[in-house]
Amino acid sequence: MLTESKIEKAYVSLCAIQQESPEASVSLARIGSHEIRMLAAPEVDPDSAPRFWLELFDHSTKTSADSCCCRGFEDAVPVVYDFFAQVDGLTRDLMSTPPDNFDPLAVVVDWLDACRMRELETLLDLYDERATLECNCKRVSLTGREAIAAYWAQRLERRIHSTFTLDDMILTDCGVLVDYRGHDGKAIRIHFHFSRSGRILHTSCGRRPAA
């Protein structure tokens with residue numbers, strides 16, 4: 001999974017700076033005033049699996065909202081998803097409005113249709129204002145609709161014929177996993193995560209693994 005890949009890269013970066021700054025941290029994602037970051041944890045056995053802390057930090061209050069010690073990258077993936085869900089829940093509580101019912105599969109179909117028709121504004125309306133995007137193909141990480149608009153405007157303009165066609169779509173515990181043909185016709189795998197209001201909160205995409 002691309003989230004796991006990003007966690008691995010963060011761990012490598014953390015190890016590189018840990019010797020000079022034991023209290024250092026590496027940022028994984030920023031969602032509004034909240035940040036998911038990785039901190040070092042003492043290793044009991046150098047030959048054991050990587051061990052580190054993941055923290056959900058609230059910059060508005062300068063406090064830690066949650067944290068978890070992880071042993072291994074696979075263990076960290078559900079923690080990251082849980083942190084995203086917590087931030088969304090906190091935002092919904094502040095708004096004091098009940099969650100809306102929505103069909104995540106229908107949102108993905110609308111997303112593909114907007115891409116196929118080059119309807120950028122329609123596409124952007126599907127994203128939450130706090131949305132984040134990870135593209136492993138280009139190794140970029142974006143936050144907010146303005147940055148996401150620039151990312152997609154380029155790709156929609158350069159798309160070739162018969163792209164953004166659906167190959168497979170699976171509903172998961174934390175979103176929707178989609179295999180499709182990207183703007184250049186190559187096989188792409190993307191994972192969608194949604195806010196409780198039904199808008200796209202986070203996507204992570206990359207080249208589809210060979211079968």
Side-chain angles (χ1 to χ4, degrees), residues 1-7 10 27-38 54-60 65-66 68 76-115 119-153 155 164 166 169-180 182 188-206:
M1 295 179 66
L2 294 175
T3 302
E4 185 175 337
S5 174
K6 184 166 185 179
I7 292 170
S27 179
L28 283 169
R30 185 75 181 255
I31 319 108
S33 64
H34 288 79
E35 181 181 20
I36 300 174
R37 58 191 189 182
M38 179 186 291
L54 289 181
E55 179 184 50
L56 179 62
F57 189 81
D58 187 350
H59 285 277
S60 64
D66 198 357
C68 181
V77 172
V79 176
V80 171
Y81 289 160
D82 178 66
F83 285 174
F84 270 105
Q86 285 191 52
V87 173
D88 183 54
L90 289 169
T91 304
R92 297 295 300 184
D93 289 342
L94 289 172
M95 292 171 65
S96 299
T97 55
D100 299 328
N101 293 322
F102 77 100
D103 181 355
L105 300 181
V107 175
V108 172
V109 171
D110 290 342
W111 182 89
L112 286 168
D113 286 343
C115 291
E119 296 177 351
L120 181 60
E121 290 303 318
T122 301
L123 179 66
L124 294 177
D125 285 344
L126 299 174
Y127 285 87
D128 190 271
E129 290 290 343
R130 303 161 294 130
T132 55
L133 179 153
E134 294 176 38
C135 176
N136 195 53
C137 311
K138 299 297 182 181
R139 300 185 183 278
V140 297
S141 182
L142 306 173
T143 301
R145 287 178 56 173
E146 184 175 346
I148 293 173
Y151 172 92
W152 278 114
R155 281 153 181 78
F164 295 103
L166 179 65
M169 181 163 55
I170 301 172
L171 187 64
T172 69
D173 291 338
C174 51
V176 180
L177 187 66
V178 178
D179 288 342
Y180 74 102
I188 301 295
R189 174 164 292 172
I190 183 170
H191 204 148
F192 288 86
H193 306 273
F194 300 94
S195 67
R196 295 179 67 193
S197 62
R199 295 190 181 274
I200 300 169
L201 184 63
H202 177 71
T203 60
S204 56
C205 69

- prompt: Which is it for Ile190 and Ser204 under the side chain to side chain contact (heavy atoms under 4.5 Å, CB included) test, yes or no, and what are the steps along the way?
  reply: CA-CA 6 Å; Ile190 183 170; Ser204 56; over 6 Å; no
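- Under the 4.5 Å side-chain criterion, counting only non-hydrogen atoms from C-beta, Arg130 is in contact with Ser195.
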message: Pair Ile148, Thr132 - check side chain to side chain contact (heavy atoms under 4.5 Å, CB included), show working.
response: CA-CA 8 Å; Ile148 293 173; Thr132 55; over 6 Å; no
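- With sequence neighbours left out, the salt bridge (Lys or Arg N to Asp or Glu O under 4.0 Å) criterion links Asp113 to Arg116.
- Ring centers of Phe57 and His34: at least 6.0 Å apart, outside the cut-off.
- Contact annotation: the side chain of Leu123 approaches that of Cys115 to within less than 4.5 Å [non-hydrogen atoms, C-beta and beyond].
- A 4.5 Å side-chain heavy-atom check between Val108 and Phe194 finds at least one atom pair inside the cut-off.
- Here the side chains of His202 and Leu133 are not in contact, with every heavy-atom distance at 4.5 Å or above.
- Atom CG of residue Leu171 and atom CG of residue Leu177 lie 10.5 Å apart, to the nearest 0.5 angstrom.
- The two residues Leu142 and Ala147 have their closest heavy-atom pair at CD1-O, 3.7 Å.
- Counting only distance, with no hydrogens or angles, the side chain of Arg155 and the backbone of Tyr151 share a donor-acceptor pair below 3.5 Å.
- From Leu28, atom CG reaches atom CD of Glu134 across 8.5 Å, with rounding to the nearest 0.5 Å.
- Tyr180 has its ring centre less than 6.0 Å from the ring centre of Trp111.
- No side-chain heavy atom of Asp128 sits less than 4.5 Å from a side-chain heavy atom of Ile200.
- Residues passing the side chain to side chain contact (heavy atoms under 4.5 Å, CB included) test with Leu166 are Leu112, Met169, Val178, sequence neighbours excluded.
- For Phe83, there are no ring-ring contact (aromatic ring centres under 6.0 Å, His included) partners two or more places apart in sequence or in a different chain.
- Between Val176 and Ile170, the closest side-chain pair of non-hydrogen atoms is not below 4.5 Å.
- At least one side-chain heavy atom of Asp66 sits less than 4.5 Å from a side-chain heavy atom of Asp82.
- Note that NZ of Lys6 and OG of Ser141 are 3.5 Å apart. Values are rounded to the nearest 0.5 Å.
- Scanning both residues, Ile7 and Met38, for their nearest heavy atoms gives O-CE, 3.5 Å.
- Side chains of Asn136 and Cys205 form no contact here, defined as non-hydrogen atoms less than 4.5 Å apart.
- Smallest separation of non-hydrogen atoms from Leu126 and Val107: CD1-O, 4.2 Å.
- Taking CZ of Phe192 as the start and CG of Leu201 as the end, the distance is 12.5 Å to the nearest 0.5 Å.
- Expressed to the nearest 0.5 Å, how far CZ of Phe164 lies from CD1 of Ile188 amounts to 9.0 Å.
- Considering OG of Ser27 and CD of Glu35, their distance stands at 3.5 Å, rounded to 0.5 Å.
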